[in-house]
Amino acid sequence: HAKAAGGGTFTSYRPQMQEGLVERLELENDLRAALENHDLRLHYQPTVDLDTSQVVGFEALVRWPHPTRGMINPLDFIPIAEATGMIVPLGRWVLQEACRQAVEWSAAAGGRPLKMSVNVSVRQFDQPDFAETVAAVLAETGMPADRLCLEMTESVLMTDTEANLEQLVRLKALGLTLAIDDFGTGYSSLAYLRRFPVDTLKIDRSFVERLGGVLTGDTALTDTIVRLGKSLGMATVAEGIEEFGQLAALREMGCGFAQGYYFSRPVPASEAGRLFLEGADTPAEFAV
Ligand code: C2E
Ligand code: MG
Ligand code: MG
Ligand code: MG
């Protein structure tokens, strides 16, 4: 970002660019080492059923505790993992660890079902053997397929090719759930919703942000997405709930599930396990 960095001409920009390249290469090497040494971690954000106010599952969100840079967020290293192809082994590790953890927590809660959502990059999805990888992880961890949800952005579904459709059908055949992440932010036509076997719409945080405000136009889009999901027989999950007003508006609209700081930030495994066990009792502050 030459402008943002204040660089006006090409010559003044170049040294910064080289610095950026060196830093990027360092990060790339560090990430490769972190992956090999099992230094990545998963945090988990609860998904709350808006009918019962119970924690019914989690979204696994990868974290990188870097030895000198501190905790690095996925938005700062997933792109590197994608560009280098590291996302394929990284994504497999995330899937494996999330499933293993879900099985463990569910067992600790006397078999109470736990839905685990895992984010999948286009680059992973495009691997010809991706469905086999998922099947292998389910078998290795003993995770029941119907408790796993794979989250993909609209960009995966935007390329309306036979290969994409076949991949989705193979994944669905395993018995798992498919969700569209950040729904409403892509520029795709809605036609793919009929063609592709998708189960869940995750309403992007940018829509939820506008709820509970004074302008009626701000609720119209969210309401429309919830209705769209309902009419297509899909579940709706709202992302990024931070305030009670947003929760109330979503309940009113009949949105099924929600995630957000209002309930809990993504938390380390130990804390998430506690949340799930306690989630059998309705936390009073979640109820309307
Ligand atoms: P996402 O899948 O849409 O995940 C939701 C993001 O919103 C998470 O950021 C979460 O911490 C944040 N969030 C949740 N509730 C709130 C809220 O109430 N307010 C605000 N302001 N933010 C909230 P995070 O963990 O930094 O992850 C960012 C993105 O990185 C994810 O977006 C996902 O696209 C990607 N990502 C994370 N883990 C993985 C992974 O294992 N594999 C892949 N391929 N991508 C991942
Ligand atoms: Mg997600
Ligand atoms: Mg999302
Ligand atoms: Mg998002």
Side-chain angles (χ1 to χ4, degrees), residues 31 34-35 40-48 55 57-65 70-102 115-127 130 133-134 137 148-157 177-186 198-212 222 225 235-247 250 257-269 271-272 275 286:
L31 182 59
L35 189 57
L40 297 177
R41 292 288 172 271
L42 291 185
H43 280 190
Y44 299 90
Q45 185 176 43
T47 306
V48 175
V55 174
F58 294 92
E59 176 172 4
L61 295 156
V62 70
R63 297 288 181 265
W64 180 15
M71 194 65 96
I72 305 184
N73 278 314
L75 292 177
D76 296 322
F77 69 89
I78 291 286
I80 299 177
E82 283 172 342
T84 55
M86 270 189 271
I87 192 69
V88 173
L90 190 158
R92 196 202 195 277
W93 175 80
V94 170
L95 194 62
Q96 174 96 21
E97 178 59 13
C99 287
R100 185 199 66 73
Q101 191 64 86
K115 192 98 176 182
M116 184 61 79
S117 287
V118 174
N119 294 288
V120 172
S121 292
V122 184
R123 185 95 184 245
Q124 287 172 270
F125 180 83
D126 284 345
Q127 299 293 308
F130 181 60
T133 300
V134 176
V137 168
L148 176 64
C149 175
L150 297 182
E151 297 190 4
M152 292 174 250
T153 55
E154 282 172 82
S155 56
V156 169
L157 303 157
T177 303
L178 295 175
I180 304 179
D181 206 350
D182 306 336
F183 184 75
T185 58
V198 173
D199 307 280
T200 301
L201 300 180
K202 291 197 78 172
I203 305 168
D204 190 67
R205 178 156 58 86
S206 57
F207 298 103
V208 174
E209 240 168 25
R210 297 153 159 263
L211 296 177
T222 315
I225 296 174
T236 44
V237 183
E239 298 186 312
I241 309 237
E242 295 184 356
E243 293 162 16
F244 177 78
Q246 297 165 339
L247 169 62
L250 287 158
F257 304 88
Q259 288 175 234
Y261 295 171
Y262 179 76
F263 301 109
S264 168
R265 289 187 176 249
V267 290
E271 210 171 310
L275 273 174
F286 293 177

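Both ligands and their constituent atoms are indexed starting at 1 by order of listing.
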Worksheet item: Is the distance from the Mg ion (ligand 2) to the nearest N/O/S atom of N119 under 2.8 Å?
Response: yes
Worksheet item: Less than 3.5 Å between some nitrogen or oxygen of Y262 and one of ligand 1, yes or no?
Response: no
Worksheet item: Does L90 approach ligand 1 within less than 4.0 angstrom via side chain, backbone, both or neither, non-hydrogen atoms only?
Response: neither
Item to complete: Any chance you could measure L42, atom CG, to M116, atom CE, to the nearest 0.5 Å?
Response: 8.0 Å
Worksheet item: Are any of the side-chain nitrogens in E97 or R41 under 4.0 Å away from the carboxylate oxygens of its partner?
Response: no
Worksheet item: Can you list the ligand 1 atoms lying under 4.0 Å from a non-hydrogen atom of P74?
Response: 24 (P), 25 (O), 26 (O), 27 (O), 28 (C), 30 (O), 36 (N), 37 (C)
Response to the item:
Checking distances from the Mg ion (ligand 3), one finds that the N, O or S atom of E239 closest to it is OE2
Item to complete: Taking E154 for its side chain and G184 for its backbone only, find out whether a donor-acceptor pair lies under 3.5 Å.
Response: yes
Response to the item:
Here the atoms of ligand 1 under 4.0 Å from any heavy atom belonging to L75 are 28 (C), 29 (C), 30 (O)
Item to complete: State the atoms of ligand 1, each with its element, that fall below the 4.0 Å cut-off from a heavy-atom position in Q45.
Response: 14 (C), 15 (N)
Worksheet item: Does R63 have a heavy atom less than 4.0 Å from any atom of ligand 1?
Response: yes
Worksheet item: Do any N/O atoms on S121 end up under 3.5 angstrom from N/O atoms on ligand 1?
Response: yes
Discussion item. I'd like to know if the side chain of R123 reaches the main chain of E82, judged simply by a donor and an acceptor atom lying under 3.5 Å from each other, with no hydrogens or angles considered.
Written reply: yes
Practice prompt. Would you check if P266 and R63 make a side-chain contact, meaning some heavy-atom pair closer than 4.5 Å?
Written response: yes
Practice prompt. For G91 and ligand 1, answer yes if some heavy atom of the residue is under 4.0 Å from a ligand atom, otherwise no.
Written response: no
Worksheet item: Any idea which part of R205 is under 4.0 Å from ligand 1, heavy-atom wise: side chain, backbone, both or neither?
Response: side chain
Worksheet entry | Contacting atoms of ligand 1, where contact means under 4.0 angstrom from a heavy atom of V62 | 38 (N), 39 (C), 40 (C), 41 (O)
Worksheet item: Is any side-chain heavy atom of T177 less than 4.5 Å from a side-chain heavy atom of K115?
Response: yes
Item to complete: Return yes or no for this condition: an N or O of E59 is under 3.5 Å from an N or O of ligand 1.
Response: yes
Worksheet item: Taking the non-hydrogen atoms of E239, is any one of them nearer than 4.0 angstrom to ligand 1?
Response: yes
Discussion item. Tell me the contacting part of V94 for ligand 1: side chain, backbone, both, or neither, using a 4.0 Å heavy-atom threshold, strictly below.
Written reply: side chain
Discussion item. Using a 4.0 Å cutoff against the non-hydrogen atoms of P266, which atoms of ligand 1 qualify?
Written reply: 11 (O)
Fill in: Gap separating the CD atom of E59 from the NE2 atom of H43, nearest 0.5 angstrom
13.5 Å
Worksheet item: Would a distance-only check, ignoring hydrogens and angles, find a side-chain to backbone donor-acceptor pair under 3.5 Å from Q124 to S121?
Response: yes
Practice prompt. Kindly confirm or rule out an N or O of D182 lying under 3.5 angstrom from an N or O of ligand 1.
Written response: yes
Worksheet item: Of all the N, O or S atoms in E151, which one sits nearest to the Mg ion (ligand 2)?
Response: OE1
Practice prompt. Check each of I72, N119, N73 against atom 43 (C) of ligand 1 and report the one with the nearest heavy atom.
Written response: N119
Discussion item. Suppose we only allow N, O or S atoms; which atom of E59 ends up nearest to the Mg ion (ligand 2)?
Written reply: OE2
Item to complete: Provide the atom name of the closest N, O or S atom of D181 relative to the Mg ion (ligand 2).
Response: OD2
Worksheet, complete the sentence: Between F183 and I180, the two heavy atoms sitting closest are CD1-CG2, 3.9 Å
Worksheet item: Do V88 and F130 touch side chain to side chain, with heavy atoms closer than 4.5 Å?
Response: no
Item to complete: Ignoring hydrogens and angles, state whether a donor on the side chain of Q259 or E239 is under 3.5 Å from an acceptor on the partner side chain.
Response: no
Practice prompt. Provide the closest heavy-atom pair for V137 versus R92 in the form atom of the first, atom of the second, distance.
Written response: CG2-NH1, 3.7 Å
Worksheet entry | Identity of the nearest option to atom 19 (N) of ligand 1, non-hydrogen atoms only, from Q124, K202, E242 | E242
Worksheet item: Hey, does the side chain of D181 reach the backbone of T153 with a donor-acceptor pair shorter than 3.5 angstrom?
Response: no
Discussion item. At less than 2.8 Å, would any N/O/S atom of D182, backbone or side chain, sit next to the Mg ion (ligand 3)?
Written reply: yes
Worksheet item: Under 3.5 Å, side chain of N73 to main-chain N/O of L75, donor-acceptor pair present?
Response: no
Discussion item. Out of all atoms in ligand 1, which are within 4.0 Å of some heavy atom of G260? Include the element for each.
Written reply: 15 (N), 18 (O)
